[in-house]
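The structure appears below as structure tokens.
Letters A, B, ... are given to chains in the order of the sequence lines, protein chains preceding strands, and every chain is numbered from 1. Below, each value reflects all heavy atoms present in this structure, side chains not excepted, and no hydrogens, waters or symmetry copies. What you see is a predicted model, and the numbers here were worked out from it, not measured in a lab.
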Number of protein chains: 4
Amino acid sequence: MTHHSSCEHSIIVRVTKPSTRAERRKAELRQDIIDTAFVCFAEKGYHATGIADIASILGIGHGTFYRYFSNKRDIIDHVIDDLAGRIVEALGTENAPDAATSLDDYRAQLDRIGVALDHILVEDRRVAQLLLFHATGIDDELTARLYGLLDMADALTAGYLSHGVELGYLRADLDTTNTAKAVTGMLIAGIVHGMRSPDTTAVNGLNEAIRRLLIDGVRKD
Amino acid sequence: MTHHSSCEHSIIVRVTKPSTRAERRKAELRQDIIDTAFVCFAEKGYHATGIADIASILGIGHGTFYRYFSNKRDIIDHVIDDLAGRIVEALGTENAPDAATSLDDYRAQLDRIGVALDHILVEDRRVAQLLLFHATGIDDELTARLYGLLDMADALTAGYLSHGVELGYLRADLDTTNTAKAVTGMLIAGIVHGMRSPDTTAVNGLNEAIRRLLIDGVRKD
Amino acid sequence: MTHHSSCEHSIIVRVTKPSTRAERRKAELRQDIIDTAFVCFAEKGYHATGIADIASILGIGHGTFYRYFSNKRDIIDHVIDDLAGRIVEALGTENAPDAATSLDDYRAQLDRIGVALDHILVEDRRVAQLLLFHATGIDDELTARLYGLLDMADALTAGYLSHGVELGYLRADLDTTNTAKAVTGMLIAGIVHGMRSPDTTAVNGLNEAIRRLLIDGVRKD
Amino acid sequence: MTHHSSCEHSIIVRVTKPSTRAERRKAELRQDIIDTAFVCFAEKGYHATGIADIASILGIGHGTFYRYFSNKRDIIDHVIDDLAGRIVEALGTENAPDAATSLDDYRAQLDRIGVALDHILVEDRRVAQLLLFHATGIDDELTARLYGLLDMADALTAGYLSHGVELGYLRADLDTTNTAKAVTGMLIAGIVHGMRSPDTTAVNGLNEAIRRLLIDGVRKD
DNA sequence: CATGAATGAGGGTTCATTCAT
DNA sequence: AATGAATGAACCCTCATTCAT
């Protein structure tokens, strides 16, 4: 992904920006390493992936790896950062928590967010696989980083909820912070089940149940 | 085997535990190994834990480990099994999904379950730490086992919901299966946050939010 | 196995031969261990055979082994000794090197020896397998013992040859000692080929070739 | 052995060996490992030799070993192959089975072969020690390989015999195949005795006895 | 700058041997 | 006397990391 296809309108550029070119190549390889590491970590797990695996997939010497990253431990940080960036970017446009002005708008927004999450987390199962299965428990520091991502998601959700409360289409006594945590939990449950069975109807059923539960609860009337 | 069998007021005892002393000691050590492995895996992670670590904590030679378990891989299975047993047992008494006959009963039951889960999962943070962080991604087979635990939780929750629908205090059109998955997700979110900050009031706030969301949703009226 | 369940027609026997009986049992088990060790060593090799293997085949605790033999190294000595005894015994009756009084007698004697060797070495391939494959290279001391067996065979053969020279049906200038070594080499070659392919006609062909070569050489006339 | 011998008169050499210096060094180390493993296996035996032993003799880290050979099991294959190559090479020049045209030529040829075998097998006792003592019984596959070497020797000898029969200086009714096996047995006996006592006159006596037995047999006239 | 050869700490596992029961 | 639980030395092998080329 994101190979940026190394644009070779070479000659002219080379004259004007000689060093930049090398730098660009470095940055490209750096990104390639991150991408490949992501794939390996997600598919085989952090511990089962060797530096040599990553290097040989890229066709580079494994010593080269250490020119771009100082550690095996180092790169997973960058993989996670990269991932976080991608997720934020994917949510980007419609993440404005003040976009919805009615309960119906809200429902629609939830749908859009669901679709966006599906896109990065379920469609490419590897993202969730890495975040939920293989990045856990490596390190206290990395765990803290994952918690940070969770907090981000919680905060985002809380923003939506607060907005709904302000606009009056959500309960006034809503504990937005804690409810947001609960909602995030449901979303992650959806992602996990989506990972297991990529069956669309099953996923849709769960998504619908989540939306319904979120808005109406389970109570009878 | 069955040495001496040291005739003790035989009949009654023999029914419950016909084991000799040696056998009992073996079983005890076996359980001690499981317990210690649980602690190590939960605190340091599966990969960071060596057989020698477990053995030296117990004060036994590391060769002894292999008299009780055939593998490093072998023992985590038993640790997980042991854990699953403990969880089931802890839920045991109040897990009857037909105990509640009204919405208020239901609320009370939710509280009790929450308390029980808290007891094993939050109070001893290591249980959740192992299940959610360190047991993931070791192995496809183990992952399947974890999914099995999740399914169990989902099924249990679905049972409660179905019962509520039957008795009429829950929505008749409730998609119990999928809703159960969402609910389990919320519960796990609660566990995760409980792990992070063992602050009782924070935990209680989240628990309350979950209950409220579950029953009433977020909608205004 | 062989627990004999301690048959207690005790009193009488115990009075007359109290120690002898126990001693006999000990000797029996001792021999059983040797026999089983022989089978294991021959079939799996010395290094691949564990003390526990031998013990479990016999149905005894592997600690018991050490009451009869001080070492793993110790027992192979006894296995080899036992084997040497069996071989000597098998050759026993017709091994008188002065039995033959003519070249025809000699031929017949060679046949008989061949049959006897076949019986212990080829028919039970394990004997040769142990001696030629699995007992070699364990130890300098054991190697010396094997060389001793070889010397014995050489000496035996040399005896036959000397007798033939004395009686005048073998060349007067025969270097009996060295020729005996060569002959033993041929015999062992026969045993090795017999081990590989237990095909009778093939073995007979080789045996015939050996006899012919021995007596007439390869020269034309 | 064969160290350095570094780049001489490049151009011509480059044709035969286009290898870079690094490649040559790799090949050299590889061969050094084989040679050292040969020495260790021959002197201490396969099981008593640790990878660390080989590595420390060479002054390399034991991890380096695994860059050149995948297994402990792997290297003995290469040691044996190397040995087989050396033996074939040593026999190479005079192994033409059609070189002899008379019985006297044949005798001379036998002498030359004996000398060649002596050179590699007796002079360096370790070759025979490895092949006959330490390489046996490691593995069914390796045993098969050793049998292959034996077959090779048998076939070679059979070639000589057939040639002699064709030229008419050996018995027309000679069973060349089986006789060859017997002859190989004698040769190996000679090697074994040469290993034990490197006394030249003793070895010569045995060699002479073998030649005499081979050609004339033991019969009186 | 890229490479990959070299390294050795570290870990899992086996098994001969001992000894309390 | 028999047992088998316990032991730990020993060994094979992996792989992250370094550094000379």
Less than 4.0 angstrom from a charged side-chain N to a carboxylate O is my criterion; do [X] and [Y] meet it?
X        : Y        : result
C:Glu28  : C:Arg24  : no
D:Arg145 : D:Asp139 : no
D:Lys44  : D:Asp53  : yes

Heavy atoms only, 4.0 Å cut-off, all strands: where does [X] land among base, sugar-phosphate and nothing?
X       : answer
D:Arg25 : nothing
C:Tyr68 : sugar-phosphate
D:Thr49 : sugar-phosphate
C:Gly63 : base

Which string of ( ) [ ] | and . matches DNA chain F, if you list each base 5' to 3' and count Watson-Crick or G-U pairs only when both distances are under 3.5 Å? .||||||||||||||||||||
Counting only side-chain heavy atoms from C-beta out, which of E:dT17, F:dT17, E:dA6 sits nearest to C:Lys72? E:dT17
Counting side-chain heavy atoms from CB outward, which of E:dG12, E:dT3, F:dA2 is closest to A:Thr64?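 From the listed options, E:dT3 comes nearest.
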In this structure, how many angstroms lie between the [atom2] atom of [N] and the [atom1] atom of [X], rounded?
X       : N      : atom1 : atom2 : answer
C:Ile33 : F:dT3  : CD1   : P     : 10 Å
B:His47 : E:dG11 : NE2   : C1'   : 13 Å
A:Ile51 : E:dA2  : CD1   : P     : 16 Å
C:Arg73 : E:dT17 : CZ    : P     : 11 Å
D:Tyr66 : F:dC13 : OH    : P     : 4 Å
D:Leu58 : E:dA5  : CG    : P     : 17 Å
B:Arg24 : F:dA5  : CZ    : P     : 15 Å
B:Asn71 : E:dG12 : CG    : C1'   : 9 Å

Which residue, C:Arg67 or B:Arg67, contacts DNA chain F at a nucleotide closer to its 5' end, judged by nearest heavy atom?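 Closest to the 5' end, via its nearest nucleotide, is C:Arg67.
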Most 5' of A:Tyr46 and D:Ala52 on DNA chain F, judged by nearest nucleotide: D:Ala52
Under 3.5 Å donor-acceptor, B:Glu23 side chain and B:Thr20 backbone: yes
Are [X] and [Y] close enough that some pair of their side-chain heavy atoms sits under 4.5 Å apart?
X        : Y        : answer
C:Ile138 : D:His47  : no
A:Thr143 : A:Thr136 : no
B:Arg73  : B:Glu141 : yes

Starting from the 5' end of DNA chain E, give me the residue, C:Gly50 or D:Phe65, whose nearest nucleotide shows up first.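 This one resolves to D:Phe65.
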For A:Gly59 and C:Ser70, take the nucleotide of DNA chain E holding the closest heavy atom to each; which residue's nucleotide lies nearer the 5' end?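 Looking at DNA chain E, the more 5' nearest nucleotide goes with A:Gly59.
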Considering only heavy atoms and no angle criterion, is a donor-acceptor pair shorter than 3.5 Å present between the side chain of D:His62 and the base of F:dC12?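 Side chain to base: no pair present.
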Within 45° of the axis and under 6.0 Å from the centre of the six-membered ring of D:Tyr66, does NZ or CZ of D:Lys72 qualify? no
